[in-house]
Amino acid sequence: MKRFPMLRWLLAAVSLLLVGCRDRPEAIDYGIDECAHCKMLISDKQFGAELITVKGRIYKFDSIECLAGYYRTAVRPEDVRSLWTIDYAHPGEWVEAEQALFLHSPDLPSPMGLYLSGFGNVKDLETVKENRGGRILNWTEVVQFVGHTWRKTDDTHSRM
């Protein structure tokens with residue numbers, strides 16, 4: 001009889017661990033969710049990003065540049081389980097940031113004005129690039145670009 005209370009505690013502990021082990025992004029509630037970096041409402045369905053910590057906490061962002069800025073300044077890399085971006089060509093679909101391709105195109109505005117869009121495949125990126133121009137970046141290059149650009153143009157971003 002005494003084993004049942006122990007079993008309940010064990011099941012509760014396992015449930016908490018499973019909840020804390022999220023490894024997929026959750027849907028953004030556009031117009032309601034707030035960006036963890038700039039505090040603006042997330043409103044454009046072709047943009048958006050998430051950072052998931054090793055403890056399972058999810059931080060939502062309105063743009064790739066906010067994700068990169070937050071990643072650079074607010075977390076330690078060892079505390080990050082995964083980074084995600086919305087696929088510009090397929091709104092609502094997630095792509096791991098480290099596997100994604102990014103387009104920096106002055107003809108394709110993004111929510112925070114650094115003209116960054118994320119893509120899940122080369123074909124979609126090339127189609128947009130043909131029409132809008134720009135250059136292709138990987139995640140490491142995006143983080144460097146955001147750090148360099150925001151440091152030069154807006155001191156408030158480097159303090160976030």
Side-chain angles (χ1 to χ4, degrees), residues 21-160:
C21 293
R22 295 181 190 162
D23 59 358
R24 298 281 309 159
E26 63 184 32
I28 292 174
D29 197 352
Y30 290 95
I32 294 174
D33 285 337
E34 184 179 276
C35 178
H37 190 65
C38 72
K39 307 302 181 204
M40 290 176 54
L41 287 182
I42 305 171
S43 59
D44 192 329
K45 293 182 180 183
Q46 287 184 294
F47 299 92
E50 291 186 6
L51 179 151
I52 304 174
T53 69
V54 294
K55 293 183 179 179
R57 182 153 185 205
I58 295 178
Y59 293 89
K60 297 179 181 187
F61 303 92
D62 67 341
S63 66
I64 294 162
E65 47 264 49
C66 280
L67 170 64
Y70 191 88
Y71 177 76
R72 287 183 68 257
T73 61
V75 295
R76 299 178 314 180
E78 61 268 20
D79 292 335
V80 175
R81 172 173 290 139
S82 58
L83 303 160
W84 299 84
T85 185
I86 292 290
D87 187 332
Y88 179 85
H90 304 278
E93 291 186 22
W94 290 103
V95 181
E96 278 199 78
E98 293 172 339
Q99 306 302 316
L101 298 166
F102 300 90
L103 181 64
H104 175 245
S105 172
D107 195 32
L108 187 59
S110 58
M112 292 304 293
L114 290 188
Y115 306 97
L116 292 168
S117 304
F119 295 85
N121 66 66
V122 175
K123 181 181 175 194
D124 291 335
L125 182 140
E126 290 293 343
T127 300
V128 173
K129 186 175 183 273
E130 281 178 28
N131 296 319
R132 306 283 189 132
R135 69 182 169 120
I136 299 171
L137 304 170
N138 64 31
W139 173 246
T140 302
E141 293 166 326
V142 166
V143 172
Q144 292 169 349
F145 171 73
V146 168
H148 176 73
T149 304
W150 275 353
R151 218 180 359 259
K152 281 176 48 179
T153 61
D154 185 353
D155 190 50
T156 62
H157 287 98
S158 65
R159 291 190 310 243
M160 290 184 168

Any chance you could measure Tyr59, atom OH, to Leu51, atom CG, to the nearest 0.5 Å?
8.0 Å
So which atom in Cys66 and which in Ser63 form the shortest heavy-atom distance, rounded to 0.1 Å?
N-OG, 3.1 Å
Sort out for me which residue in Val143, Leu83, Leu116 forms a side chain to side chain contact (heavy atoms under 4.5 Å, CB included) with Leu67.
Leu83
I would like to know whether Arg72 and Tyr70 meet side chain to side chain donor-acceptor pair (under 3.5 Å); could you show each step before the answer?
CA-CA 5 Å; Arg72 287 183 68 257; Tyr70 191 88; over 6 Å; no
Roughly how far, to the nearest 0.5 Å, is the NZ atom of Lys129 from the NE2 atom of His104?
13.0 Å
Check: Met112 and Cys38 side chains under 4.5 Å, non-hydrogen atoms:
yes
Using every non-hydrogen atom in the two residues, find where Phe61 and Cys35 come nearest and quote the distance to one decimal.
CA-SG, 3.7 Å
Between the side chain of Asp79 and the main-chain N/O of Val75, is any donor-acceptor distance below 3.5 Å?
no
Would you say Glu65 and Ser110 are linked by a side-chain donor-acceptor pair, where the criterion is simply a distance under 3.5 Å?
yes
Report yes if some heavy atom in the side chain of Ile28 is under 4.5 Å from a heavy atom in the side chain of Glu50; otherwise report no.
yes
Which residues share a side-chain hydrogen bond (donor to acceptor under 3.5 Å, both in side chains) with Asn138, sequence neighbours left out:
none
Note, Val142 side chain near Ile64 side chain (heavy atom, < 4.5 Å)
yes
Pairwise distance CG(Leu101) to OG(Ser117) - rounded to 0.5 angstrom:
12.0 Å
Looking at residues at least two apart in the chain, or sitting in another chain, which of them share a side-chain hydrogen bond (donor to acceptor under 3.5 Å, both in side chains) with Asp124?
His90, Asn121
Ion pair check, Lys60 and Glu34, cut-off under 4.0 Å:
no
State whether the side chain of Glu93 and the backbone N or O of Ile86 hold a donor-acceptor pair below 3.5 Å, judged by distance alone.
no
Look up atom CG in Asp62 and atom CE in Met40, then write down how far apart they are to the nearest 0.5 Å.
5.5 Å
For residues Leu114 and Thr149, determine if any side-chain heavy atom of one lies less than 4.5 Å from a side-chain heavy atom of the other.
yes
Calculate, to the nearest 0.5 Å, the distance between atoms CG and CG belonging to Asn131 and Asp107 respectively.
9.0 Å
Trp84 vs Ile52, test: side chain to side chain contact (heavy atoms under 4.5 Å, CB included). Steps then yes/no.
CA-CA 8 Å; Trp84 299 84; Ile52 304 174; 3.7 Å; yes
Is Leu103 close to Val128 at the side-chain level, that is, under 4.5 Å between some pair of heavy atoms?
yes
Do the rings of Trp139 and Phe102 sit parallel, tilted or perpendicular, given the 30° and 60° boundaries?
tilted
Are the side chains of Tyr30 and Ser43 in contact, using a 4.5 Å heavy-atom criterion?
no
Is the shortest side-chain heavy-atom distance between Asp87 and Phe119 below 4.5 Å?
yes
Distance, nearest 0.5 Å, that separates CD of Glu96 from OG1 of Thr85
11.5 Å
Which residues share a side-chain hydrogen bond (donor to acceptor under 3.5 Å, both in side chains) with Ser105, sequence neighbours left out
none
